[in-house]
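Since the structure comes first, as structure tokens, the remarks are kept for the end.
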Amino acid sequence: MIESRGVCKRFGSMAALAEVTAHIPKGSIYGLVGPNGSGKTTLLKTIAGIYRPDAGEVLAAGQPVWEAPAVKGKIFFLPDNLWFLPGSTLEEMAALYQGVYPGFDREEYRQLLGVFPLEEKQRLSRFSKGMRRQAGLILALSCRTPCLLLDEAFDGLDPMVRQKARKLLIREVESRGLTVAIASHNLRELEDLCDRVGLLYQGSLVLERELDDLRESFSKVQGAFPEPVDWDNTGLAILRREERGNLTSLLVRGRPEEIVKQLEGLRPLFVEALPLTLEEAFVGEMEALGYDYGDELSE
């Protein structure tokens, strides 16, 4: 388990993180989401022990991460801006990581080369952005660390390769209890992958929930009503309402079956619950908390 306790980090006068307390359960895939500049990368680098927190602490399996090489060796951080030795090949980078991470698995490395067919003797500088991202994933998974931190993990990957990467992460979580944290500003990237999500906004963790719990907290429903409805007096916790003629669409706090039952009391021509996306659930939760930042999370 990875845990940050009241972590603060400043860069000059800017507070990048403000008392962030987060819990990443062992063997889970944790989605860290938020607008660009919200502090996601800073938090991942602090968890990895790259940044020293100005206040608070980060623990991995109950042990402090900062200035603890043995603990850091159990965490692999794959940044958004990938770095490789100048002029190096994938084969040479694999040899480098094998010397740094005692759990590096050569057999796993060879198998991953079969999944992502890259030329290991070609210079990485000649790789495209997507190919470099694949190379980074090969190295990260080959190191076999108990914890993997990914910053914009799927950026630059085509849809087929993204699907492969997702399946590999799920396989590692299920087979050996790998703990994964993925930072992204794009909720659609994480919707079918994460067990738990945390939302950073202006350096603060304003929300942390199990994904299923978050989805079940809201309902998206639509119905047609023959007469105008006084929505302010229905007793529903309506967060958003759109009307097109007799058709009304609602985002409401509460479970779908309960909301539909209440709306049936208004004698609609029809009413139905619709699938709720992670993006809609997050926006609903944040609007309920008083935050309003439009479509920043759906870029």
Side-chain angles (χ1 to χ4, degrees), residues 2 29 32 36 40-51 60 65 68-186 189-190 193:
I2 301 293
I29 301 179
L32 183 64
N36 290 327
K40 301 185 299 297
T41 298
T42 300
L43 181 57
L44 288 188
K45 287 185 175 181
T46 305
I47 291 173
I50 298 170
Y51 288 157
V65 172
V71 180
K72 289 183 183 180
K74 298 178 181 179
I75 301 172
F76 192 102
F77 171 58
L78 187 65
D80 182 21
N81 296 318
L82 296 171
W83 179 88
F84 302 109
L85 288 172
S88 64
T89 64
L90 180 55
E91 184 180 48
E92 291 168 341
M93 289 301 300
L96 173 65
Y97 282 123
Q98 187 171 6
V100 174
Y101 291 92
F104 191 95
D105 189 330
R106 272 282 168 181
E107 182 178 349
E108 177 75 3
Y109 171 73
R110 288 294 167 196
Q111 290 179 355
L112 290 170
L113 280 175
V115 176
F116 302 107
L118 302 177
E119 176 50 63
E120 63 174 336
K121 297 184 183 297
Q122 182 176 336
R123 289 187 180 183
L124 289 160
S125 60
R126 297 180 180 175
F127 281 13
S128 67
K129 180 179 180 179
M131 293 168 66
R132 288 166 62 85
R133 180 63 62 183
Q134 292 174 60
L137 286 169
I138 288 173
L139 295 169
L141 291 170
S142 297
C143 288
R144 305 283 287 180
T145 55
C147 181
L148 179 59
L149 308 178
L150 304 172
D151 193 3
E152 301 292 351
F154 308 120
D155 188 32
L157 300 180
D158 65 51
M160 293 300 296
V161 176
R162 289 185 187 197
Q163 188 64 21
K164 288 181 182 180
R166 290 189 182 100
K167 288 182 178 179
L168 283 171
L169 290 176
I170 293 170
R171 183 196 71 181
E172 293 297 302
V173 169
E174 293 177 345
S175 64
R176 63 182 182 93
L178 175 67
T179 301
V180 182
I182 305 177
S184 178
H185 69 280
N186 191 333
E189 289 276 324
L190 307 179
L193 187 62

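Counting begins at 1 with the first residue of the sequence.
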- Query: What is the distance from atom CD1 of I50 to atom CZ of F77, rounded to the nearest 0.5 Å?
  - Reply: 5.0 Å
- Got a sec, which residues hit ring pair (Phe, Tyr, Trp, His ring centres under 6.0 Å) with Y51, two or more places apart in sequence or on another chain? F11
- Query: Does some side-chain heavy atom of I75 sit less than 4.5 Å from a side-chain heavy atom of K72?
  - Reply: no
- Query: Under the salt bridge (Lys or Arg N to Asp or Glu O under 4.0 Å) test, which residues partner E119, sequence neighbours left out?
  - Reply: none
- Task: Sequence neighbours left out, what passes side-chain contact (heavy atoms from CB on, under 4.5 Å) with S125? Give chain and number order.
- Result: R123
- Does some side-chain heavy atom of E92 sit less than 4.5 Å from a side-chain heavy atom of F84? no
- Query: Do T41 and D80 touch side chain to side chain, with heavy atoms closer than 4.5 Å?
  - Reply: no
- Message: To the closest 0.5 Å, what do you measure between CD1 (I170) and CG (L178)?
- Response: 11.5 Å
- Are there more than 12 heavy atoms of other residues, nucleotides or ligands under 6.0 Å from atom CZ of R176? yes
Using residues 136-150 as the side-chain source, report each donor-acceptor pair under 3.5 Å to any protein atom, sequence neighbours left out, with the distance given to one decimal.
unit_1 : atom_1 : unit_2 : atom_2 : d
S142   : OG     : I138   : O      : 2.7
R144   : NH1    : E172   : OE1    : 2.9
T145   : OG1    : C147   : O      : 2.9

- Query: If you look at every heavy atom in I47 and V65, which pair is closest and at what distance?
  - Reply: O-CG1, 3.3 Å
- To the nearest 0.5 Å, tell me how far M160 CE sits from K164 NZ. 6.5 Å
- Which heavy atom in V71 sits nearest to a heavy atom in A60, and how many Å separate them? CG1-CB, 3.7 Å
- Note on the structure: When every non-hydrogen atom of L44 is compared with those of A183, the smallest separation belongs to CD1-CB, 3.6 Å
- Message: Taking the side chain as everything from C-beta on, heavy atoms only, tell me whether L168 gets closer than 4.5 Å to L112.
- Response: yes
- Go through the steps to decide whether R166 and L169 satisfy the test side-chain contact (heavy atoms from CB on, under 4.5 Å), and finish with yes or no. CA-CA 5 Å; R166 290 189 182 100; L169 290 176; 5.9 Å; no
- Tell me, do T89 and E120 make a side-chain contact under 4.5 Å, heavy atoms counted? no
- Message: Could you measure the distance from the CH2 atom of W83 to the CG atom of L78? Nearest 0.5 Å is fine.
- Response: 13.5 Å
- Message: So, taking the atom named CE in M131 and the one named CG in L90, what distance separates them when rounded to the nearest 0.5 Å?
- Response: 10.0 Å
- Item | Passing candidate, salt bridge (Lys or Arg N to Asp or Glu O under 4.0 Å) with D155, options K129, R133, R162 | K129
- Can you tell me how far the CG atom of N81 sits from the CZ atom of R132, to the nearest 0.5 Å? 10.0 Å
- All heavy atoms of A165 vs all of F154, minimum pair found to be CB-CE2, 3.8 Å
- For E91, what residues pass the salt bridge (Lys or Arg N to Asp or Glu O under 4.0 Å) criterion, not counting sequence neighbours? K121
- Partner residues of V161 under the side-chain contact (heavy atoms from CB on, under 4.5 Å) criterion, sequence neighbours left out: F116, Q134, L157, D158
